[in-house]
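Reviewing the structure listed below.
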Amino acid sequence: EPAVSQGKQIYYHHLRERIRKMHPRFKQLAVEAGAYEDGDTVLVGPMDTARFAELIVQECLTVINQSNGVGDDDVIRISRDVKQHFGVES
């Protein structure tokens, strides 16, 4: 575990409290983006925040693409618009 300064420890403690209240999927995405786990929480150490944001957008696209009751053309258009808006490539 990397050594951290007292200021960063306070920051991480605050962040851990906020993350503890997060939806479990956000925790999984944070780990995929490079955060490391510490028991039941996730510490945002050297996490790649750009990768974390991209993973969230990809997760949203997955939900859009699995939508029921929406026409295929609408799903394709919405998915394309979201990708373009956030600059995410499939």
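We number each residue from 1, following the sequence as shown.
Of all the heavy atoms in Phe26 and Ile56, the pair that sits closest is CE2-CD1, 3.8 Å.
For the atom pair CD of Glu32 and CD of Glu54, the computed distance is 11.0 Å after rounding to the nearest 0.5 Å. The CD1 atom of Ile64 sits 10.5 Å away from atom CZ of Arg77, with the distance rounded to the nearest 0.5 Å. Between atom CG of residue Leu29 and atom CE of residue Met47 there is a gap of 10.0 Å, rounded to the nearest 0.5 Å. Of the inter-residue distances, the one linking Leu55 atom CG with Thr62 atom OG1 reads 10.0 Å to the nearest 0.5 angstrom.
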